[in-house]
Amino acid sequence: MAENNDMFEALDVADRLAAEALIVDVDGFEGPLDLLLTLSRTQKVDLRKISVLHLAEQYLAFVERAKALRLELAADYLVMAAWLAFLKSRLLLPPDPADEGPSGEELAAHLAFQLERLQAMRDAAAKLMARDQLGRDFFARGIPEDVTRVRRVTYTATLLDLMQGYARTRTKDEFRPFVMDRDSVYTMEEALVRMRGLIGFAGDWTGLSSYLPEGWESEPKKRRSATAATFAASLELAKRGAIEIRQGEIFAPIQIRRKSE
Amino acid sequence: MAQEEEQSLFEAPPLAEQERMVEAVLFASAEPVTVADLNARMPHGCDAAEALVMLRKRYEGRGVNVVKVGDAWAVRTAPDLGFLMQKETVETRKLSRAAIETLAIVAYHQPVTRAEIEEIRGVSVSRGTVDQLLELEWIKFGRRRMTPGRPVTYVVTQSFLDHFGLESARDLPGLKELRAAGLLENRPPPSLGGEVGDDEQDGDEDQVDMFEDDA
Amino acid sequence: MAQEEEQSLFEAPPLAEQERMVEAVLFASAEPVTVADLNARMPHGCDAAEALVMLRKRYEGRGVNVVKVGDAWAVRTAPDLGFLMQKETVETRKLSRAAIETLAIVAYHQPVTRAEIEEIRGVSVSRGTVDQLLELEWIKFGRRRMTPGRPVTYVVTQSFLDHFGLESARDLPGLKELRAAGLLENRPPPSLGGEVGDDEQDGDEDQVDMFEDDA
């Protein structure tokens, strides 16, 4: 407390008035760092040579007086006060070798850096705003002759598009890529499976046509497909030695029978 | 008054400086500026008219010129460079599905009325679609149909043939070829009755088969 | 290919003519125009960059100047003649101190995250402040920072450079000095929790002590 009084006595009248203005005008500060920066100006030294200890004391005194005046202080001001009180103790006490974490000097150095950086940014902002500005000091063309954009749209379509389009309308269906229509196709694999099952009963010569699956005998398309598949399957079975094939004459019915062991 | 007298104590800026001023004002002003207005803006003792003469000369043959607009002055692009102020962008777009289908129907069924197009497509044809095809000069009006209401018909144009690389509309692949190319499904939709053309032959074959079955 | 060859058969216009073209385009536009855009608008074979050098020289000391803004170019009135332009002066919304400081921090520290701005200013940055700067088109979003949470960064725009008469962000006043003084570094605070960096520093100190003991 005595220290604080000394401090205030050390200030001249103008500074003291300023210090009091600080307290009343607490809303005018943009947070604790801003306040610290303002306080630091009373030290009238290069920010790099600032006494952080002194600054911490100033800040704590400020918070004390604000409390005395029953000013509502925002939480972050109090957090900063607590942190500065901690910093102050670190700076004053000899370092405890068992203590982990940064030393008081490091913390102080960082605070000084933050203040210097904030001040630097404020100076930079002031320099920036002091520059000649467009629309205030220098001007752009008053009657810009804007580029007229002539946009030409060309449409394209290929003959294929056209044909697909027509196909769509004629089928009332979405165009689909070509796939073999399998409805009336009987495969050799199917025929093989079927004949393997039946061949055991074919002890005697029987016409190949009797091996056609049910429902495939009459409709020409189906009959063609089934006949071809069954014939191919019978060739395959003959090759494997399961059956024998014979044909009496050209165009005569083809007959097969199980190969006797 | 007092201010004017005070100002007249100072020398007017040199003419070159006055020319700079006129240049800046003409450039930045949103409207052409009169000589009176220039004089009012410039420091006391300036002669905007004289500066303007110099400035005008300076811009002779340049990319921009100092021109008189009514009784005021402005900076304008040199007339021969007007082409730089235009930017043409060509955008290529795919024709919409509706337009393609409509075009295809016109090509395959020409001359065809709008009602017929709608019947084939099964949906109404928007005015915009037809207009677009007319604008592209791919279709044009054919003769009016001699039926009640004398509806207008559409036919394809020479441009259409050129664009699609066709000698004539008859060169368009028939349905049979479309089917062979896998563009058309085997079974025609039941709604479609007997239309003319080679396409019907395949259908007939299927029918023949069916009749055989029945027999 | 064929078209290019065909075009290259024509000579590019003489440089003086190209200078006129650049002059016309720059005068016509209120916004800076990039060299690429100039080349695209000028006839084939033109070299806008070369013409620009000549044009810039031509307008030195004149009432209007050719200025570079980022990678674009513009014609602007000479700053010393601003007093003539009271009519043209646009009343800009007064920026708050927070906005001005935030703008400066973005300009000098870009790309910078909101957290970093807050760290430098010691207070939270209000949404309105950032929004105002974004609306003025003086700042824009930069790339996301590749740190946890991938925070968005802010950078200044070409409009910012144009407004403050800067050729590039490197020409910001006092940038070099600030960098030399280490004031543009993002120095993390020594944390009490004992983060890696701090530990190392502590370790170093301990070592120094040890060496002293040894000595």
Side-chain angles (χ1 to χ4, degrees), chain A residues 28-37 47-48 74 76 80 83 86-87 90 95 97 99-111 113-148, chain C residues 25-31 41 65 67 74-82 85 88-90 92 95 97-98 100-101 103-105 107-109 119-124 162-166 172-175 178 181-185 187 189-194 198-199 201-202 205-206 209:
Chain A
F29 292 102
E30 282 203 79
L33 207 58
D34 185 28
L35 172 59
L36 278 167
L37 193 56
L47 274 173
R48 263 164 287 187
D76 48 347
M80 179 61 91
W83 188 81
F86 166 78
L87 175 60
R90 281 230 163 174
D99 206 351
E100 283 187 14
S103 70
E105 277 74 23
E106 278 165 356
L107 293 173
H110 187 72
L111 180 60
F113 168 74
Q114 279 181 294
L115 291 173
E116 198 190 347
R117 186 173 59 178
L118 179 58
Q119 187 57 53
M121 279 302 108
R122 290 199 171 158
D123 294 344
K127 272 188 213 157
L128 192 63
M129 297 316 281
R131 284 184 73 84
D132 291 329
Q133 292 182 37
L134 180 67
R136 192 187 76 182
D137 307 293
F138 62 94
F139 297 83
R141 177 74 183 269
I143 321 171
E145 296 167 52
D146 274 333
V147 177
T148 49
Chain C
V25 173
L26 290 193
F27 262 82
S29 173
E31 302 287 317
R41 283 166 71 174
N65 304 140
V67 298
V75 179
R76 298 286 180 252
T77 64
D80 66 312
L81 298 177
M85 253 51 90
E88 281 71 33
T89 305
V90 273
T92 43
L95 282 182
R97 182 170 129 179
I100 292 172
E101 277 182 28
L103 178 64
I105 291 168
Y108 284 83
H109 289 260
E119 154 77 13
I120 293 170
R121 294 198 63 231
V123 281
S124 62
D162 193 17
H163 187 90
F164 292 100
L166 294 161
L172 284 164
L175 185 72
L178 289 173
L183 290 171
L184 300 183
E185 287 166 22
R187 214 179 281 174
S191 78
L192 298 173
D198 304 325
D199 278 351
Q201 282 178 343
D202 280 357
E205 241 176 45
D206 287 343
D209 286 351

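Chain A is the first sequence line, chain B the second, and so forth, proteins listed ahead of strands; every chain is numbered from 1. These values consider heavy atoms only, across backbone and side chains, with no hydrogens, waters or symmetry-generated copies. Just so it is clear, the model here is predicted, and its values are computed rather than measured.
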Smallest separation among heavy atoms of [X] and [Y], with atom names:
{"X": "C:Gly174", "Y": "A:Lys127", "result": "CA-NZ, 4.4 Å"}
{"X": "A:Gly31", "Y": "C:Val123", "result": "CA-CG1, 3.5 Å"}
{"X": "A:Leu118", "Y": "C:Arg121", "result": "CD1-CA, 3.9 Å"}
{"X": "C:Gly122", "Y": "A:Pro32", "result": "O-CD, 4.5 Å"}
{"X": "C:Gly182", "Y": "A:Phe113", "result": "O-CE1, 3.4 Å"}

Applying salt bridge (charged side-chain N to carboxylate O under 4.0 Å, His left out), can you list everything that pairs with C:Glu185, at least two apart in sequence or on another chain?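 By the salt bridge (charged side-chain N to carboxylate O under 4.0 Å, His left out) rule, C:Glu185 matches C:Arg187.
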Test of understanding: with salt bridge (charged side-chain N to carboxylate O under 4.0 Å, His left out), list the residues that count as partners of A:Asp132, not counting sequence neighbours.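 A:Asp132: no salt bridge (charged side-chain N to carboxylate O under 4.0 Å, His left out) contacts found.
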Given the rule in the side-chain contact (heavy atoms from CB on, under 4.5 Å) test, do A:Arg131 and C:His163 qualify, once you have shown the distances and angles that lead to the verdict? CA-CA 9 Å; A:Arg131 284 184 73 84; C:His163 187 90; over 6 Å; no
Answer yes when A:Asp137 and C:Arg76 have at least one side-chain N-carboxylate O distance shorter than 4.0 Å, and no when they do not.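 Not counted as a salt bridge, because no side-chain N and carboxylate O are separated by less than 4.0 Å.
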What I'd like to find out is whether the side chain of [X] reaches to under 4.5 Å of the side chain of [Y], using heavy atoms alone.
{"X": "A:Arg141", "Y": "C:Val75", "value": "no"}
{"X": "A:Met121", "Y": "C:Glu101", "value": "no"}
{"X": "A:Gln119", "Y": "C:Leu183", "value": "no"}

For A:Phe138 and C:Met85, run side-chain contact (heavy atoms from CB on, under 4.5 Å): C-alpha distance rounded to whole Å, both residues' side-chain angles, the deciding distance at 0.1 Å, then the answer. CA-CA 8 Å; A:Phe138 62 94; C:Met85 253 51 90; over 6 Å; no
Would you mind checking which part of A:Arg117 comes under 4.5 Å of any heavy atom in chain C, side chain (CB onward), backbone (N, CA, C, O), both or neither?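 It is both, since atoms from each part get that close.
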Derivation and outcome, side-chain contact (heavy atoms from CB on, under 4.5 Å), residues C:Ile100 and A:Met129: CA-CA 8 Å; C:Ile100 292 172; A:Met129 297 316 281; 3.6 Å; yes
